[in-house]
Amino acid sequence: LVDKRGRKQEMFAVSEPGMYSLVLRSDKAEAKAFKRWVIHEVLPVIRKTGKYEHIPKSLRIESKDARNGFTATLKKHGYTDPKHYSSTTRAMKRGLGIDENKKKDTFGLRELVSTTFAEMLAQDKIAASAAYGYYSVKPIAVESAESVKLLLDQAKAGAPRIEAVQ
């Protein structure tokens, strides 16, 4: 390689995998932080989902809080059988277009946002209703999930106007 002044320079090229190998062996603080992130966050997510999509920790916390609030609302409205909780969750996932067997810790960003929003909406609708018991409450939860899916699909399609479904 020749620089602008005509002097010969040596250059070393490192492939992308070679760069990762060098960084993962490094003792520098920056490299250690990168290594920790890759080993503790990126690789486990890729193993579980086949891809890595950054989801802010604050969103995961919000999602957990929404789930806890939703579960508490179901309990207040007569849910006692654990099978009813799981049946409602699976039905809401179907309403959102998510595989009902998919675990929440493997959700991508859209799935996590839509589930969180659906649980918050369902919580509000159930709390405002006189519904009590599995057979009265579950349809409200499923309708909430379907409403969220409709809104997100309209937004994704670039619909000029998004209307809330009552």
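Quick note: numbers below take in every heavy atom, side chains included, and nothing from hydrogens, waters or symmetry partners.
Under the 4.5 Å side-chain heavy-atom criterion for grouping Ile, Leu, Val, Met, Phe, Trp and Tyr, Val148 is not connected to Met92 through any hydrophobic cluster. There is no path of hydrophobic side-chain contacts, each under 4.5 Å, that joins Tyr134 to Val142. In the hydrophobic clustering of this structure, Ile140 does not group with Leu121; members are Ile, Leu, Val, Met, Phe, Trp, Tyr whose side-chain heavy atoms approach within less than 4.5 Å, directly or through other members. Both Leu43 and Tyr52 are members of a single hydrophobic cluster when ILVMFWY side chains are connected at heavy-atom separations under 4.5 Å. A chain of hydrophobic side-chain contacts below 4.5 Å, direct or via other Ile, Leu, Val, Met, Phe, Trp or Tyr residues, connects Ile98 to Phe117.
The OG1 atom of Thr89 sits 10.5 Å away from the CZ atom of Arg94 when rounded to the nearest 0.5 Å. To the nearest 0.5 Å, atom CD of residue Glu146 and atom CG of residue Asp153 are 11.5 Å apart. Here the straight-line distance linking atom CG of Leu152 with atom OG of Ser114 works out to 6.0 Å at 0.5 Å rounding. Between Lys93 atom NZ and Asn101 atom CG the span is 7.0 Å, to the nearest 0.5 Å. Residue Asn68 holds its CG atom at 10.5 Å from OG1 of Thr73, rounded to the nearest 0.5 Å. Expressed to the nearest 0.5 Å, how far NZ of Lys48 lies from CD1 of Ile46 amounts to 12.5 Å.
A 4.5 Å side-chain heavy-atom check between Gln9 and Met11 finds every atom pair outside the cut-off.
The two residues Ile55 and Leu109 have their closest heavy-atom pair at CD1-N, 3.7 Å. Nearest heavy-atom pair, Ala66 versus Met120, reported as atom, atom and distance to 0.1 Å: CB-CG, 3.6 Å. Pairing each heavy atom of Phe107 with each of Lys102, the nearest pair is CE1-O, 3.7 Å. In terms of heavy atoms, Lys125 sits closest to Ser144 at CD-OG, 3.4 Å. Closest heavy-atom contact between Arg60 and Lys104: NH1-O, 4.1 Å. Of all heavy-atom pairs between Val38 and Pro44, the closest is O-CD, 4.1 Å.
For the side-chain contact (heavy atoms from CB on, under 4.5 Å) test, residues two or more places apart in sequence or in another chain that qualify with Ile61 are Lys57, Asp65.
In this structure, the side chain of Ser147 engages the main chain of Glu143 through a donor-acceptor pair within 3.5 Å. With hydrogens and angles disregarded, no donor-acceptor distance shorter than 3.5 Å links the side chain of Ser87 to the backbone of His84. With Thr106 contributing its side chain and Lys103 its backbone, the two residues share a donor-acceptor pair below 3.5 Å.
Under a 4.0 Å N-O distance rule, the pair Arg47/Asp105 does not qualify as a salt bridge.
The side chain to side chain donor-acceptor pair (under 3.5 Å) analysis of residues 74-83, with sequence neighbours excluded, yields the pairs Tyr79-Thr88.
Counted within 6.0 Å of NZ on Lys35, heavy atoms from surrounding residues, nucleotides or ligands total 12 or fewer; the atom is thus considered open.
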